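Worth knowing before you read on, the calculation uses all heavy atoms, side chains too, and leaves out hydrogens, waters and symmetry mates. So you know, we letter chains A, B, ... as the sequences are listed, proteins then strands, and number each from 1. It should be emphasised that the depicted structure is a prediction, and the values quoted were computed from it without experimental measurement.
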Protein chains: 4
Amino acid sequence: MAKIDLHGVFPPITTPFVNGKVAYDKLAFNVEKWSQTGLKGFVVLGSNGEYVSLSEEEKRTVVDTVVQSAGDEMLIIAGTGCESTAETLRLTEDCAKLGAHAALVVTPHYYAGRMGEAALKKHYSEVAGHSPIPILVYNVPKFTHINLAADFVARLSEHPNIVGIKDSSGNVIQLGELLNAVAKDFNVMVGTAGVLFGGLTLGCAGGVLALSNVAPEHCVKIYNLVKQGDFEAARDLQLKILPINQAVTAVYGVPGLKAAMDMLGYFGGDPRLPLMPCSEQERSELKKILQRADLWD
Amino acid sequence: MAKIDLHGVFPPITTPFVNGKVAYDKLAFNVEKWSQTGLKGFVVLGSNGEYVSLSEEEKRTVVDTVVQSAGDEMLIIAGTGCESTAETLRLTEDCAKLGAHAALVVTPHYYAGRMGEAALKKHYSEVAGHSPIPILVYNVPKFTHINLAADFVARLSEHPNIVGIKDSSGNVIQLGELLNAVAKDFNVMVGTAGVLFGGLTLGCAGGVLALSNVAPEHCVKIYNLVKQGDFEAARDLQLKILPINQAVTAVYGVPGLKAAMDMLGYFGGDPRLPLMPCSEQERSELKKILQRADLWD
Amino acid sequence: MAKIDLHGVFPPITTPFVNGKVAYDKLAFNVEKWSQTGLKGFVVLGSNGEYVSLSEEEKRTVVDTVVQSAGDEMLIIAGTGCESTAETLRLTEDCAKLGAHAALVVTPHYYAGRMGEAALKKHYSEVAGHSPIPILVYNVPKFTHINLAADFVARLSEHPNIVGIKDSSGNVIQLGELLNAVAKDFNVMVGTAGVLFGGLTLGCAGGVLALSNVAPEHCVKIYNLVKQGDFEAARDLQLKILPINQAVTAVYGVPGLKAAMDMLGYFGGDPRLPLMPCSEQERSELKKILQRADLWD
Amino acid sequence: MAKIDLHGVFPPITTPFVNGKVAYDKLAFNVEKWSQTGLKGFVVLGSNGEYVSLSEEEKRTVVDTVVQSAGDEMLIIAGTGCESTAETLRLTEDCAKLGAHAALVVTPHYYAGRMGEAALKKHYSEVAGHSPIPILVYNVPKFTHINLAADFVARLSEHPNIVGIKDSSGNVIQLGELLNAVAKDFNVMVGTAGVLFGGLTLGCAGGVLALSNVAPEHCVKIYNLVKQGDFEAARDLQLKILPINQAVTAVYGVPGLKAAMDMLGYFGGDPRLPLMPCSEQERSELKKILQRADLWD
């Protein structure tokens, strides 16, 4: 049986807050606006969604809101990874009931020193084996301080219910090794727009890109240009978006991503403490970066 | 007003599970047994308590169980750090109501790149400013990948409701810098038995030591010997416990700590997945290490 | 005045030893054999040339040998970086006299904590300002534990005698940032074959690739295919060489590179101690990897 | 046969430069001044001696100068580690002929990824097996990015001509493990004054301390106080010197150490480029730190 097909671009969407509470109406507003940009679907409750700062109840309502607001053709992937295997499975089942089409499961990482391949294999097998929806592995060493090697991911990919990986390492050597190691229908998803062109030209299925919260059209265009074989135009666009992507990921993080959303017609708002909103000076820097890339005037 | 006095030894106690469920009776059994060993109190819901794998409800019941099982003279410190400031404060308030005397607040760390001093200052000030019980800062770079520098901790220590730090860096240079930087009544607690002797001889108030789950008498003895000025005897004991401590922390982690507890008359049991129990070979290695230190025969 | 043009592929060549002495005749043999493969020139005394284990006298004789053995059309780049600025300049002048066309200067790194931008700017400016031949910056964090950020390299690139960079970070995001930051005639050279396709499609001038010691034709072919716009064929070849490249760089290092050379008709031989030659088992693994990529039968 | 006894304090002395040339007369001046402070001897050509920036000829003359200037009772240890085993041995033999009593051999580190225990065992065995003088292992992860585990050092210590280790990790857990693992006559030398008190109270033989370039009397006093059993006085002095030690090692490095020497009556002078001398502001900060510790007025 072929695995679910994730070719396309997905934003790992932010969670809007007003006065410290999740603003579900703002979330619906963003989802509707994003839905007109050519995106394939949404990743909810990822790192950019501040999933670590949401209660279980909030997580479920966020997923529900996105499922209700998005068009039927949109694929909804819910971030359901928790530190414990049991809690991860419970949340995955909840999200499946709410209508999520797949789950993105981050590597448990607090006890990184004990998260060897046996432990991680057990974790992913347990979750995938009992989950009613397909599972994507989420490799994000920047946050977890664990990196999943390509050959280990290949062993995970043999499970019929493990259908892909979001690799946010930014390492195209590793993307190449992944593509060499897995079957064609396993979805290798580029996890950062910094290597979108690099990953797609190697053969990745698509991207789950923080940048597509603020510049979905540009990300979709790079995707389409590569599919059409217009590598030169895709490359030029890739080089153009690079500074914005660095700004809204590496440099300013989630607060920067939200500030940029505010500048570009989405609802960004403040992150939850202890993440602090961008300072005036950071916003001013960000504005200049957006202007230089013609994203804001 | 002088700050609460934490001179003495505290185990950051493990959370027992049976068939994946918290075994509150086993927890009470352990607490009663530990209570006869000269410990000053207990740290509940720390890293060795697998706090990241417990639900909020379980956390509250664990604290309640320990408060009920421990003698009145024992100080109860609850680990209440969560990724978000609001959730940390909520849990701190809950634990205060349940009878905890102080709260241990780990540095939020998922978004480590944005956890600069301003963000962490805000986090700790918010929690300490609203908490009904005093706050200890928990610095554990092994798990959080963030280290709090001594001069930053000194600035935190000016808050009247921030009363100490558990420094688990294992770095006695940093312990010395902390002692140089803070007031006498700020409790600098050694966070790992590997530097118990080293920290106490420098002037630390006490220790919060994983090892004191399995060898409380030895840890208390080192504490008492240093207080009595018998440095040579303390040093000899320190060198003797060193291999056990490395085994139940650096090498085998929480699963090793629990396996050693089982060997020494406490209830250890299995950790929650994805932490895997020690293998037979690891147990056998562990047994040899305990035997070499005369802790098991 | 336009900077020297380094478009093409260069191997950072190994230094052959027999009984612990440099085997200049084997070196000449290799150079002659490589010269028939479409390479643009040679990098002598790089990391793969074990420059840190050669005396000054040996370094000069190695450069002399390569200059004499290579055809006149080949560009010779000598690795002249030493820890001190003065010694680097002295060796650069010596190599220029011997006929090297450019010098590759690794970041000084022993005192990494003091190698801030001011110190590195001073170092490169001093060397470039006095060198009779153009200078390439050599960024190899794997060995130096220092990474040069793109904006800093851009500032270095303003010096008329600093003409390019070998970036061995393997990070295509950084390659993109470099291309965005420097002038068109500044040679951004891909420093590892793992990102050859990725770097060239972004616009890099060429590559300085350990792999081209053993598979020069494949590297040159990827270069030519990208220049011709046949990205699909280039990509397929890139994925094919990836496992070999990982083997002769990340996994087995210089000893693996030399062992592979021996298998493929070049003289590899043993590295200098403390680098140990590949074990029989490592050779056997390596052989399988070469076979799977049709490089050896 | 018992190993050489290194109980006492040794400064890893700086190398003075005037106009970029080694100033042997200044070196002799410093050595004579240091000789009146109770030091046990000198470590020449260590990291603080900028050994990586000296030519072989300069290295020999530096050792010769120190041997000639120091009193007969002083032990001279020469830093002879180079990247290649053969060059290390050659320099060790040269230094032995010049009168050095022992050699300090840093771990080769450029190819850190290949410096496994087999390679390092081979390196140290080769050097120790052929050296006419005893060998100390030099573990300095800050500069080499390699750490030697205690059990590996214990295996090295079985060689009759390997007589000690300078452990500059600053990690007293590791010092304890070393003391547990080696024979009584193997010299475990504390490698940084930040853990002088901590290491000596555990049982280390002595210290090789950058700080003793500028504050030899204080270091010697801590050593003597611990030997006399006056731990409280030793501890107070340890806490007092801590900020100076951090300044002349971690914060300002060799340039700071040399600047402090100038302030305290020794000849410090400028380091060799690319190490830059301290700025005026750094000197001013340093002066304040020395003043606060009553080392300068």
Does anything in residues 206-218 of chain A get under 4.5 Å of chain C by heavy atoms, and if so which residues?
none
Which residues, numbered in order, of residues 225-237 of chain C come under 4.5 angstrom of chain A by heavy-atom distance?
C:Phe231, C:Glu232, C:Arg235
Counting only heavy atoms from other residues, nucleotides and ligands, does the tally under 6.0 Å from NZ of C:Lys221 exceed 12?
no
With a 4.5 angstrom heavy-atom cut-off, is it the side chain or the backbone of C:Gln238 that approaches chain A, or both, or neither?
side chain
Less than 4.5 Å apart, any side-chain heavy atom of A:Leu242 and any of C:Ile173?
yes
side-chain hydrogen bond (donor to acceptor under 3.5 Å, both in side chains) partners for C:His7, two or more places apart
C:Asp5
Does any N or O in the side chain of C:Asn180 come within less than 3.5 Å of the main-chain N or O of A:Leu239, such that one atom is a donor and the other an acceptor?
yes
Side-chain donor-acceptor contacts of residues 191-203 of chain C below 3.5 Å, not counting sequence neighbours, with atom names and distances?
unit_1	atom_1	unit_2	atom_2	d
C:Thr192	OG1	C:Gly194	N	3.4
C:Thr192	OG1	C:Asn245	ND2	3.4
C:Thr201	OG1	C:Phe197	O	2.9
C:Thr201	OG1	C:Gly198	O	3.1

